[in-house]
J.: 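Below you will find the structure I want to go over with you.
Heavy atoms only: backbone and side chains are in, while hydrogens, waters and symmetry mates are out. Each ligand, and each atom within it, is numbered from 1 in the order the structure gives.
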Amino acid sequence: MKFDVVTIFPAMIESGLAEGVVGRARQAGLLDIVVHNLRNFTTDRHHVVDDVAFGGGPGMVLKPEPLFAASETIAEQRGPADAVLLMSPAGKPFTQADARRLTTLGHIIVLCGRYEGIDERVRQHVATEEVSIGDYVLSGGEVPALVIVDAVSRLVPGVVGDEQSVDADSFTRGLLDHPHYTRPAEFRGHRVPDVLLSGHHREIRKWRQQEALRRTAERRPELLAEAALTAEERDFLESEGFGPAGKKGSR
Ligand code: 9D3
């Protein structure tokens, strides 16, 4: 899978993609990621990428020319992109479903915004989608770009060594994860639940499923409305006082 990331802070992206499973997958040739400095696509002596807003107001706006030039040069040198993502707080919130969809593409360009905004013609004529990572204000699109590249890359076969853990994420059917414990069985007086030490695999599976349901009901009840629950799972939630699960407005 091929990614091209365009930014005025390339070192921020490079350092974020150098380590962990993504760093290893790049070295192994599973991921072909090139980071581009937006200033290299300027044509003026001072490599200016921003300008004042037409109509006035505070803050600078990213100029269109360098972003158009970057996407065109990348297409010429690296082939046409299947998607051009513009990172923006006004974009559509990124979800795991988006990560799965983008994994089916071969080549993605990611454009990082900075300053107060980006010239609207980039959105209209270069970007194919505008993506946010959530409702909080960051200082630029670099961290969001890292989030997107990471979330998509780990779905590329072979990037995460243990395919089972990638599968487990999807098999949990939109529930939060259950608690995890490792040795020692007692730490500063805090014991690991007995069932996990029992060796009764059926009981362990049931405990994990119930703890995942409990956590989801407590922290993210809106996820339960979307989850396909069995009759047994619904009964468990009701017996724990969470009300009829899987129905909106039940809490
Ligand atoms: C009121 C105007 N601000 C919008 C909330 C201006 C503004 C703030 C922050 C414009 C750009 C930015 C920088 N943020 C991003 O580029 C960004 C972002 C984010 O801030 N939150 C979540 N997702 C993203 S994706 C890109």
J.: I'd like to check T43 versus E65 (side-chain heavy atoms, cut-off strictly below 4.5 Å). Are they in contact?
T.: no
J.: Within a 6.0 Å radius of atom CZ on R39, are there more than 12 heavy atoms belonging to other residues, nucleotides or ligands?
T.: yes
J.: Should the heavy atoms of other residues, nucleotides or ligands under 6.0 Å from CD of E186 be counted, would the total exceed 12?
T.: yes
J.: Take atom CD of E19 as the centre, draw a 6.0 Å sphere, and report whether it contains more than 12 heavy atoms from other residues, nucleotides or ligands.
T.: no
J.: When the side chains of residues 105-112 are checked against the rest of the protein, which donor-acceptor pairs come out under 3.5 Å, sequence neighbours left out?
T.:
| unit_1 | atom_1 | unit_2 | atom_2 | d |
| --- | --- | --- | --- | --- |
| H107 | ND1 | G79 | O | 3.2 |
| H107 | ND1 | P80 | O | 3.1 |
| H107 | NE2 | D4 | OD1 | 2.7 |

J.: Between ligand 1 and the protein, tabulate every N or O atom pair separated by less than 3.5 Å, reporting distance only.
T.:
| unit_1 | atom_1 | unit_2 | atom_2 | d |
| --- | --- | --- | --- | --- |
| ligand 1 | 16 (O) | G141 | N | 3.4 |
| ligand 1 | 20 (O) | L138 | N | 2.9 |
| ligand 1 | 21 (N) | Y136 | O | 2.8 |
| ligand 1 | 23 (N) | S132 | OG | 3.4 |
| ligand 1 | 23 (N) | I133 | N | 3.0 |

J.: Less than 3.5 Å apart, any donor N or O on the side chain of D98 or T95 sitting next to an acceptor on the other?
T.: yes
